[in-house]
Amino acid sequence: MSKNEVKNEKITSRRKARDYTYQLIFSFLFSGEKDEMLWQKISEDKHILDDDLDYISTTFDKMAANIDEIKSIIAKFAIGYQLDRIYKPDLAVLILAVCEMKYVDEVPDEVAISEAVSIVKKYSTAKSGPFVNGILASVYKELN
């Protein structure tokens with residue numbers, strides 16, 4: 001395998017891992033716990049590298065341990081929106097990105113924002129991209 005193929009495999013695996021983490025967080029918003037059936041599916045995915053399984057597990061655990069703080073950060077910048085009124089796909093991606101920005105050192109803030117916007121374009125409405133980007137830009141300014 002060439003260097004470029006290895007690099008592309010790692011990028012693809014991380015994107016898929018981030019997508020799975022998003023799905024776990026989305027489920028968490030409804031149940032308040034880790035979706036064990038989804039986690040089993042993720043664990044069995046042959047296209048996810050071991051490092052990315054660690055990323056998923058660590059990021060989810062950090063999110064669950066710090067959910068109140070993460071939500072308060074989002075609420076601070078979601079001016080005119082109460083958290084319980086934010087579309088759940090948008091809220092899940094905001095939680096993921098803020099968690100990465102604040103608690104996952106290996107993910108640069110710019111990558112967390114960019115990937116969040118990509119995810120929300122996949123799972124949400126046309127208006128969600130600018131909404132999510134705006135909130136995360138404000139979070140970025142405060143954290144840096």
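Note that the structure is a prediction, hence the values are computed from the model and not measured.
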Less than 4.0 Å between a side-chain N and a carboxylate O, is that true for E142 and K76? yes
For a quick test of reading the model, state the closest non-hydrogen atom pair linking A17 to D52 and the distance between them. CB-CB, 3.6 Å
Qualifying residues under side-chain hydrogen bond (donor to acceptor under 3.5 Å, both in side chains), relative to D68, sequence neighbours excluded: none
K62: what forms a salt bridge (Lys or Arg N to Asp or Glu O under 4.0 Å) with it, not counting sequence neighbours? none
If we ignore hydrogens and angles and just use 3.5 Å, is the side chain of S72 paired with the main-chain N or O of E69 as donor and acceptor? yes
How about D19 and Y123: does a side-chain donor come under 3.5 Å of a side-chain acceptor? yes
Please step through side chain to side chain donor-acceptor pair (under 3.5 Å) for the pair E115 and Y22, ending with a clear verdict. CA-CA 11 Å; E115 293 294 322; Y22 165 81; over 6 Å; no
Does either side chain, that of Y55 or that of E100, offer a donor lying less than 3.5 Å from an acceptor on the other one? yes
Pairwise side-chain contact, S128 with T125, heavy-atom cut-off 4.5 Å (strictly under): yes
Of all the heavy-atom pairs spanning I25 and A92, show the shortest one and how long it is. CG2-O, 3.8 Å
List in chain and number order the residues that pass salt bridge (Lys or Arg N to Asp or Glu O under 4.0 Å) with K88, two or more places apart in sequence or in another chain; answer none if no residue qualifies. none
Do any side-chain atoms of residues 133-141 form donor-acceptor pairs under 3.5 angstrom with protein atoms, and if so which ones, sequence neighbours left out?
from: S138; atom 1: OG; to: G134; atom 2: O; distance (Å): 3.3
from: Y140; atom 1: OH; to: E110; atom 2: OE2; distance (Å): 3.0

Going by the rule salt bridge (Lys or Arg N to Asp or Glu O under 4.0 Å), which residues pair with D45 if we only count those two or more places apart in sequence or in a different chain? K16
Below 4.5 Å, heavy atoms only, C-beta onward: do F28 and M63 meet side chain to side chain? yes
Does any pair with a residue in residues 22-43 pass salt bridge (Lys or Arg N to Asp or Glu O under 4.0 Å), and if so which ones, sequence neighbours excluded? none
Would you say the side chain of I70 lies within less than 4.5 Å of the side chain of K102, judging by non-hydrogen atoms? no
